[in-house]
Amino acid sequence: MKYNFDKIYNRKNTGSLKWDMMENIFGKDDLIPLWVADMDFPVAEPIKKAIKKRADHPFYGYTQAKESLIEAVCHRLKNKFNWKINPNWIVFTPGVIPAINLAIRSLTSPGDRIILQEPCYHQFFPAIKNSGCQVVNNQLKLSDGRYKIDFHGLESLFHPELGHSPYYKPIKAMIFCNPHNPIGRVWDREEITQVGEIALENNLTVISDEIHGELLFNGNKHVSFATISPEFESNSITCISPSKTFNLPGLNISTTIIPNNKLRNEFIATQIGLSSPNLFAYTALEAAFRDGDEWLEEVLKYLHGNLKLLNEYIDKIDGVNIIKPDGTYLIWLDFRDLNMDGKTLKSFLENEAGIALEEGSLFGESGNGFMRMNIAVPRPLLEIALKNIGNALKE
Ligand SMILES: Cc1ncc(COP(=O)(O)O)c(C=O)c1O
């Protein structure tokens, strides 16, 4: 291994949300932070080198994406997801959540409805509500420890005869998260196809959040929504980003791929007035996509080792179960057998185990009794956290 991910770095006083905001958010600054999706691993060398090189050039003027960066994005999509895109489809955005906000505003009128599937990433809720729209939840179904899409539920949203009032405002889009945060499912081709067909039948645009698409366990394969068919491609807004894969969320960059000219023009018109990503973000994105794979392979191996460790520990702890993830480094832990309400569970884990996790109910009501754990941390730190949970529960 070229990188030493076991090393615990001191990230305090670096402006890190994960480490420096703990006091504000959890009321304590000495917890082991396993919450926000930010890895405690040092950045890939080629990215650091590229930023330093660019910083040495004494001009930091207005910036736009270089041809070589656009080529790097096209090449990555072809190489990783077998998606051949036209460079004109790319819109650079300052993050996936900003892109989803823009997408919703470009697709809707106030009051329109947007589908999401709870439990889901909590930032989807304000993205919908702050755009003046309403959330429609097509609840994921948990059976035998695995989440599935409720296709009947999805279809029934469009059929008044199945119990839906015709007076509701139209449903304009669906946020489809694949891999799905927080439950770690990588949806398979068949599931994606069913979602896409329901969307086409009902004039629904699919906003496909694929930010975790390169973070996969055990040979799972990410199928990008738009690659299923030209019809799906034309009915989609796909959000990809180096920020989870290469741990660059502080740089604020993502790429939004919009093949359909009308959808893209409306998205760009909504974006006018907002700043584009900054020059170091463009530099980092190109370096990550071109030269980041050695680091990424090592990270994926390391995460696999962390997942194994987590499984070993959790197996020995009564009352806690892991929802087996296909991908992402965010693990959905089921504490429901402990019969604690969400708030009590959260304060128990903070006060008795000394760890900061994300409370399940943040991801929707059905998340009550669950917690989301970020395992992208040095293994020695994860081991302390797991021992603490075991000891706290024994006591
Ligand atoms: C599914 C998903 N989408 C979007 C984001 C945030 O993306 P960004 O920081 O680029 O806005 C996250 C962060 O954890 C996420 O898990």
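Atoms within a ligand are numbered from 1 in the order they appear, just like the ligands themselves. All residue numbers in this chain count up from 1 along the given sequence.
- Under the 4.0 angstrom criterion for non-hydrogen atoms, S254 is not in contact with ligand 1.
- In summary, the atoms of ligand 1 found under 4.0 Å from a heavy atom of G95, numbered by their order in the structure, are 10 (O), 11 (O).
- Here C239 has no heavy atoms under 4.0 Å from ligand 1, in either its backbone or its side chain.
- Counting heavy atoms under 4.0 Å from ligand 1, residue I97 touches it through both backbone and side chain.
- Among all protein heavy atoms, the one lying closest to atom 9 (O) of ligand 1 is S243 OG, 4.3 Å.
- Note that SG of C177 is 4.5 Å distant from CG of D209, once rounded to the nearest 0.5 Å.
- Y121 CE2, 3.3 Å is the protein heavy atom nearest to atom 5 (C) of ligand 1.
- T245 places no side-chain N or O within 3.5 Å of a backbone atom of P242 that could act as its donor or acceptor partner.
- For atom 7 (O) of ligand 1, the closest non-hydrogen atom of the protein is I211 CD1, 3.3 Å.
- Using a 4.0 angstrom heavy-atom cutoff, K244 counts as in contact with ligand 1.
- Proximity of P249 to ligand 1, defined as any heavy-atom pair under 4.0 Å, is not found for any part of the residue.
- Per-residue contacts place N181 under 4.0 angstrom from the following atoms of ligand 1 (heavy atoms of the residue considered): 1 (C), 15 (C), 16 (O).
- The aromatic rings of W295 and Y3 lie perpendicular to each other, with more than 60° between the two planes, well past the 30° mark.
- Of the possible polar contacts, none joining the R185 side chain to the K324 backbone as a donor-acceptor pair under 3.5 Å is found.
- Annotation: K316, atom NZ; neighbour count of heavy atoms from other residues, nucleotides and ligands within 6.0 Å is above 12.
- The atoms of ligand 1 that sit less than 4.0 Å from any heavy atom of C177 are 1 (C).
- Judged by distance alone, the side chain of S234 and the main-chain N or O of E231 form no donor-acceptor pair under 3.5 Å.
- Using a distance-only test at 3.5 Å, with no hydrogens or angles considered, a donor-acceptor pair links the side chain of Q134 to the main chain of G111.
- Of all protein heavy atoms, the one closest to atom 8 (P) of ligand 1 is V96 N, 3.5 Å.
- For the atom pair CD1 (I115) and CE (M174), the distance works out to 6.0 Å, reported to the nearest 0.5 Å.
- Aromatic ring pairs are classed by plane angle as parallel below 30°, tilted from 30° to 60° and perpendicular above 60°; the pair F370 and Y147 is tilted.
- For the pair E214/L296, a side-chain contact is recorded, criterion being any heavy-atom separation below 4.5 Å from C-beta on.
- With a 4.0 Å cut-off on non-hydrogen atoms, H212 touches ligand 1 through its side chain and not its backbone.
- For ligand 1, the atoms sitting less than 4.0 Å from at least one non-hydrogen atom of D209 are 1 (C), 2 (C), 3 (N), 4 (C), numbered in the order shown with element in parentheses.
- Each of the following atoms of ligand 1 lies closer than 4.0 Å to a heavy atom of P98: 11 (O).
- Distances below 4.0 Å separate heavy atoms of A37 from the following atoms of ligand 1: 14 (O).
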